[in-house]
2 protein chains.
Amino acid sequence: MIRKKPATLSDIAATIGVAPMTVSRVVNGTGYVSELTRERVMQAVAEMNYRPNGVARNLKRQKTETVGLVLGDISNPYSTEIANAVRESLSARGFNLFICISEHSAKEDIAAFDSLVDHNVDGIIVATRSNKEGDERLAGIADRNIPVVVVGRDFHHDQVDSIAADNFAGGFEATQHLIDLGHKRIAFIGASFINRGNLKRLQGYLAALTEHNLAVDERLITGRRETLSEIPGYSTEKIGYEGMKRLLSLPNRPTAVFARNDFTAVGAMTAIKEAGLSIPDDIAVVGFDDTPLAVHTLPPLTTVRQPMRLQGQLAAELLLKRIAEKDTVTTENRVLECELIVRQSTVA
Amino acid sequence: MIRKKPATLSDIAATIGVAPMTVSRVVNGTGYVSELTRERVMQAVAEMNYRPNGVARNLKRQKTETVGLVLGDISNPYSTEIANAVRESLSARGFNLFICISEHSAKEDIAAFDSLVDHNVDGIIVATRSNKEGDERLAGIADRNIPVVVVGRDFHHDQVDSIAADNFAGGFEATQHLIDLGHKRIAFIGASFINRGNLKRLQGYLAALTEHNLAVDERLITGRRETLSEIPGYSTEKIGYEGMKRLLSLPNRPTAVFARNDFTAVGAMTAIKEAGLSIPDDIAVVGFDDTPLAVHTLPPLTTVRQPMRLQGQLAAELLLKRIAEKDTVTTENRVLECELIVRQSTVA
DNA sequence: AGAACTAATGTTAACGTTAACTTAATAGCA
DNA sequence: TGCTATTAAGTTAACGTTAACATTAGTTCT
């Protein structure tokens, strides 16, 4: 079977003997068209299986009603929830969403940015972990006045709004909770050795220890050599498991652990239970994110809830605002509060 | 700050006094351009922060080097793995990937299809659960000779390739494994009451029971009223938990359960452990998918591995083939084998 | 009756790029 | 010297759509 080209406006116009513009008017429901003509056009459109060529339309209209979302690890509920919230907010306003994945590298970040820009999306939401080259390209895009909003990551540019959870405060609160329960040897699981400063949850943990005059014991901080952005979400369960194993083999093991996210926490819990120890009596566990599975672990997991959907909603709103008001002057940097959810993994 | 329009080819051409075509040649590295001119163009491009307008380019070239992927539930590792595999295969061939989510309805399926078609993607991979209106639209798209490949779902069209795991055989094998272990009362968790015929895993379960002359007990088949496509992946953990609770409260409870996926299985395991029962001694559990977490559950989960990455790779390959050979005659329908992975949740 | 609308359509040009063609100058070679 | 290649540009038209303007006929108002 030979592939025939899709019908165009002109094809429709030619077959029923009107000007392309008339067909355009019918298709878009604009301007004056007589009832008779409208019907004839509609019929031809149906018969010839016509669909407007969006590329041509976009070129002419200079907008696409489409927004791009660049995600790092899509295995993580964090990304998922943000994506869903963004999509909901956008589709309520008639915008489409294209998601690009950039799982591994600055190169892929750049490829994702470029392909979105090349398709003339009206704006871009970025929720990847930051890296130097990627950020440079992103700055270039923002410089060209393409609306950009970043979520859950560092990025400073006078044309770019940012939204993030207060990971520092969340980490602080989680650790403080463990300290309040009387714990003195509190471990951290899931540190990044490459870019530790970027991991606000770890910083919050360190700050809480310091504030309460507890010594920081480096042996109690576990993680991996790789940048964390290289590790898919559910695999961090493995990191939690391995990290906990290492902690359990210490001569003086911790009495509590704060895991960088719920997956890591679940992995740690598995290791603790395997060792025949009890949660929270022998070791208390705190996670982060309050993913849906946190309620279903055994025991249910104490965790820090970050407003994931809200971040997505806000990102979409700010971006749409930026798209609508082409000369926005103000730049918003929102930091959203986290909330400690106490369950039985810390308090029996 | 006023938003200035991005520079165009003509802008560059005008500032250095050459024809737009010359600039195009430099940008694309085609045709003859003198070294001097090339350098002057390159410099202007850099200074004016120029990027080619992909929409215009696509319109002219009549191709976008972009493929669309429509996913249902992106919370599910199944979707995630497929997306990653597709992206890898595509980017190796210089194609970009745009992902659309259609989480809830035929309406969203259609919106996703349309927005991809409107952006003139070169082809579409569909991995959503099928539904009537969505399938009709998809057929219309295939009729217009836009390359389409479907993954893990039913869809028959003489221009559409399909790839799926052999869910029936997988469900059969999982159930058979339990029967071989001597179980007689085997439950199924996660049935769909709306479209039961579509759930091949359940059909495989039923067939295995029948083949071994075991009566099908409807009380042992649990699920929810909603269509399963309405439920995000990690939430199926809750379904597993609730379903198992119900099964445990039966006067004559099952000695084994086959869960429709690993998340559901994990939820069921939680309920079993909460009830103070042992896995596999009191109740054996089998999952499906072999998600990364299956190794980390307590005890590790027996499950049916389906080749997720392979499905994504094949989908990408078949689509690229269809894109390259515009008049492909053959249609491929591949069914990939599943593999039972036996762990300690069925055999101590 | 002429001005001032409304309704229905057509015409032109442009969005930014590039394929296909043309022009012109230089180089190579029998 | 004349003839063919090669190099380095420029010109034209088109991809499919639509904004802006133009035209025509009929309607309404004063």
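All values derive from a computational prediction rather than experimental measurement. Sequence lines set the chain letters: A, B, ... in the order given, protein chains first and strands last, and positions in each chain run from 1.
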[X] [atom1] - [N] [atom2] separation (whole Å):
X       : N      : atom1 : atom2 : value
A:Arg61 : C:dC15 : CZ    : P     : 17 Å
A:Tyr32 : C:dG10 : OH    : C1'   : 16 Å
B:Arg25 : C:dA19 : CZ    : P     : 10 Å
B:Leu9  : C:dA19 : CG    : C1'   : 14 Å
A:Asn58 : D:dT18 : CG    : P     : 10 Å
B:Met21 : C:dT17 : CE    : C1'   : 9 Å
A:Asp11 : D:dG16 : CG    : P     : 8 Å
A:Tyr50 : D:dG16 : OH    : P     : 10 Å

May I have the step-by-step check of side-chain hydrogen bond (donor to acceptor under 3.5 Å, both in side chains) for A:Ser162 and A:Arg334, ending in yes or no?
-> CA-CA 6 Å; A:Ser162 75; A:Arg334 301 255 190 110; over 6 Å; no
If you look at every strand shown and take non-hydrogen atoms under 4.0 Å, does A:Val18 touch a base, only sugar-phosphate, or nothing?
->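 Here A:Val18 touches the backbone only, sparing every base.
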Tell me what A:Thr30 touches on the nucleic acid: a base, only sugar-phosphate, or nothing, going by heavy atoms under 4.0 Å.
->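 Here A:Thr30 touches no strand at all.
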When you measure from the side-chain N and O atoms of [X] to the phosphate of [N], is any distance below 4.0 Å, counting only OP1 and OP2?
X       : N      : value
A:Ser24 : D:dT18 : yes
B:Ser34 : D:dA9  : yes
A:Gln62 : D:dT18 : no
B:Ser10 : C:dT17 : no
B:Thr22 : D:dG10 : yes

Go through B:Leu314 and B:Glu317 one step at a time and tell me if the side-chain contact (heavy atoms from CB on, under 4.5 Å) criterion holds.
-> CA-CA 5 Å; B:Leu314 275 177; B:Glu317 271 171 37; 4.2 Å; yes
Ignoring the backbone of [X], work out which of [options] is nearest its side chain.
X       : options                : value
A:Ala19 : C:dG10, C:dT18, D:dA8  : C:dG10
A:Leu59 : C:dT17, C:dG10, D:dG16 : D:dG16
A:Asn53 : C:dT9, C:dT17, D:dT17  : D:dT17

Evaluate the ring planes of B:His119 and A:His119, with Trp represented by its six-membered ring, and classify them as parallel (under 30°), tilted (30 to 60°) or perpendicular (over 60°).
-> tilted
Flag the pair B:Glu133 and B:Lys107 as a salt bridge only when some basic side-chain nitrogen lies within less than 4.0 angstrom of an acidic carboxylate oxygen.
->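 A salt bridge is absent here (no side-chain N lies under 4.0 Å from a carboxylate O).
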Any donor-acceptor pair under 3.5 Å between the side chain of B:Lys60 and the base of C:dA19?
->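 Counting by modelled atom types and ignoring angles, no donor-acceptor contact under 3.5 Å is found here.
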Close side-chain approach of A:Leu9 to A:Asn53, heavy-atom, < 4.5 Å | no
